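The block underneath contains the structure these notes are about, expressed in structure tokens.
Atoms considered below: every heavy atom in the structure, side chains included; atoms not considered: hydrogens, waters and symmetry mates. The sequence lines fix the lettering, A, B, ..., with proteins before strands; numbering per chain opens at 1. All values reported here derive from a predicted model rather than from experimental measurement.
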2 protein chains.
Amino acid sequence: MASSTVENYLKATLLHEQKADGIVPMGALVEALGVVPGTVTSMVKAMAAQGLLEHEARQGVRLTPIGRALAVGVLRKHRLVETFLVRTLKMDWSEVHDEAEALEHAVSDRVLERISELLGHPTTDPHGDPIPDAEGNFAATKTQDSLDLCALDQPLRVTRILDQTQEFLAYVQETGLKPGAKIRVLRREPASGVLHCELAGGTEVALGLHIAGKIIVGAA
Amino acid sequence: MASSTVENYLKATLLHEQKADGIVPMGALVEALGVVPGTVTSMVKAMAAQGLLEHEARQGVRLTPIGRALAVGVLRKHRLVETFLVRTLKMDWSEVHDEAEALEHAVSDRVLERISELLGHPTTDPHGDPIPDAEGNFAATKTQDSLDLCALDQPLRVTRILDQTQEFLAYVQETGLKPGAKIRVLRREPASGVLHCELAGGTEVALGLHIAGKIIVGAA
DNA sequence: ACCTTGTTTTTGATTACTCAAAATACAAGT
DNA sequence: ACTTGTATTTTGAGTAATCAAAAACAAGGT
Ligand SMILES: [Mn+2]
Ligand SMILES: [Mn+2]
Ligand SMILES: [Mn+2]
Ligand SMILES: [Mn+2]
């Protein structure tokens, strides 16, 4: 069985591969796992010896099919647990990540399938991230744009928040831009690129480009 | 923070103290934790140095107030998790122990209080074992007898199963003697001590003394 | 007093994970 | 080609948890 540490390495590698495909540099793992570079090198070697990763010296790592399957399983646990914590235990969506970070290693497959069933087999988590099914397949994503690129005056719905730092989630919470929120882009300031949007209650918010780029929307 | 291993040692020590008060011999921990004697000696030394246990050389260990508080917390997590798995996730009461054994170390206090709330702050787990409250106090237990000692012809209710081995739980499951079941003792065979009991549906079961001694009942 | 038996402790190793700090490789930039 | 800066690897060391096997101890029984 893979230890919690190994599971965290696998998940971090998968997330990086999904965000920027190609080889995952050692530094990305250093960053994601909060350890020093030497630690990553030695863990990666051990995991490569176990057949979970391929290690290109001085370049980085790639998941093997076995490693990927395990990583997807951990990601599924993480996201289903987050969904469970929000929907069943009524926890705040902006505080569930850390809890899930620990529980993803302790929840058995048996318990996980019970949770999935209880929740009606959800396909996205509270942050809008896709939940792979029990076989490891991600549902085909609907057409979605980041908020800074989408058309004016269309009825839209927030589907996903890409930046999941504590501060950004708090900001999103506060402005009411949570996944599920209805939104319409009123206009774009030509010079700055600042967006003016209308929220459900008629309230209006102005968003800088760097913020809008981290919010994904789809047709309402 | 106490590691999972340390939490397991603390919980095992607490359970032994509750069952047979006085000092807990090293051998009891060897047995409970499934490790060799030398391992227990060195773990116990480390935990004593941390102020979690008192170690009387060649005698055994006792929980310190700090160690006891931690142990009670772990036990509370274990039993609330078991209750949650049975009541909310509809898992079989005879298979939840192993799941709880892992989850008790991963569930945070915050999550635990949500679970307790969701369940209406239960005071006993699926096996009938008491769940301490958030301050670490066990509810005063109602008058209860082991089945081999109680009066004839009284309407009784099973409240607790002491032997929680897989086989015994399966037996209890099969005969329908689960906590909550109504039962009446019809007669006791003078020589052998074998009990004849009537269950809810009118079915009758014969129980040997060794079995009856592990089933606790209270007034129905 | 001596021996036997069961329990506990010691000793010496091993595995997994980690850090600090020094060494190395590589990609540019001049 | 040489220098510089950054990423990666190596080396040496430490902690937590474990085992195997030998040693020490505590009681009792003879
Ligand atoms: Mn994690
Ligand atoms: Mn998420
Ligand atoms: Mn446990
Ligand atoms: Mn229980």
Can you list everything that forms a side-chain hydrogen bond (donor to acceptor under 3.5 Å, both in side chains) with B:Ser108? Sequence neighbours excluded, please. A:Glu99
Can you give the donor-acceptor pairs under 3.5 Å from side chains of residues 39-52 of chain B to other protein atoms, not counting sequence neighbours?
unit_1  : atom_1 : unit_2  : atom_2 : d
B:Thr41 : OG1    : B:Pro37 : O      : 3.3
B:Ser42 : OG     : B:Thr39 : O      : 3.2

Are OP1 or OP2 of D:dA17 and a side-chain N or O of B:Thr39 less than 4.0 angstrom apart? no
Rounding to an integer number of Å, can you tell me how far B:Met1 CE sits from D:dT15 C1'? 18 Å
Mark yes or no for whether B:Ser116, through its side chain, and B:Leu112, through its backbone, hold a donor-acceptor pair below 3.5 Å. no
Tell me which one of A:Val217, A:Ile161, A:Thr159 satisfies side-chain contact (heavy atoms from CB on, under 4.5 Å) with A:Pro179. A:Ile161
Can you tell me which nucleotide in C:dA20, C:dT18, D:dT18 comes closest to the side chain of A:Val35? C:dT18
B:Ser3 side chain near D:dA17 phosphate (N/O to OP1/OP2, under 4.0 Å): yes
Euclidean distance, A:Phe84 CZ relative to A:Arg114 CZ, rounded to 0.5 Å: 13.5 Å
Contacting residues from residues 10-29 of chain A, given that a heavy atom lies under 4.0 angstrom of DNA chain D: A:Pro25, A:Met26, A:Gly27
Expected list for residues 43-62 of chain B near DNA chain D, using heavy atoms below 4.0 Å, is B:Met43, B:Arg58
OP1 or OP2 of D:dT9 less than 4.0 angstrom from a side-chain nitrogen or oxygen of A:Thr41, does that happen here? yes
Once rounded to the nearest 0.5 Å, what's the spacing between atom CD1 of B:Ile215 and atom OG1 of B:Thr175? 6.5 Å
Contact list (N/O, under 3.5 angstrom) for nucleotides 2-5 of chain D vs protein:
none

Decide yes or no on salt bridge (Lys or Arg N to Asp or Glu O under 4.0 Å) for B:Glu104 and B:Lys11, but give the supporting numbers first. CA-CA 11 Å; B:Glu104 66 190 357; B:Lys11 192 183 63 171; 3.0 Å; yes
What are the two closest heavy atoms between A:Leu147 and A:Arg188, and how far apart are they? O-NH1, 4.4 Å
Given D:dA16, is OP1 or OP2 found less than 4.0 Å from the side-chain N or O atoms of B:Tyr9? no
Mind listing the side-chain donor-acceptor pairs of residues 122-139 of chain B below 3.5 Å, one per line with the distance, residues two or more places apart or on another chain?
unit_1   : atom_1 : unit_2   : atom_2 : d
B:Asp125 : OD1    : B:His127 : N      : 2.7
B:Asp125 : OD1    : B:Gly128 : N      : 3.1
B:Asp125 : OD1    : B:Asp129 : N      : 3.0
B:His127 : ND1    : B:Glu82  : OE1    : 3.1
B:His127 : NE2    : B:Trp93  : O      : 3.4
B:Asp129 : OD1    : B:Arg160 : NE     : 2.8
B:Asp129 : OD1    : B:Arg160 : NH2    : 3.2
B:Asp129 : OD2    : B:Gln164 : NE2    : 2.6
B:Asp133 : OD1    : B:Glu135 : N      : 2.8
B:Asp133 : OD1    : B:Gly136 : N      : 3.0
B:Asp133 : OD1    : B:Asn137 : N      : 3.0

Decide yes or no on salt bridge (Lys or Arg N to Asp or Glu O under 4.0 Å) for B:Arg68 and B:Glu17, but give the supporting numbers first. CA-CA 10 Å; B:Arg68 166 166 288 104; B:Glu17 279 191 353; 2.3 Å; yes
Given C:dT18, D:dT18, C:dT9, which nucleotide is nearest the side-chain atoms of A:Thr5? C:dT18
Candidate pair A:Glu95 and B:Arg110, rule salt bridge (Lys or Arg N to Asp or Glu O under 4.0 Å), full reasoning: CA-CA 11 Å; A:Glu95 68 178 3; B:Arg110 249 189 334 183; 2.7 Å; yes
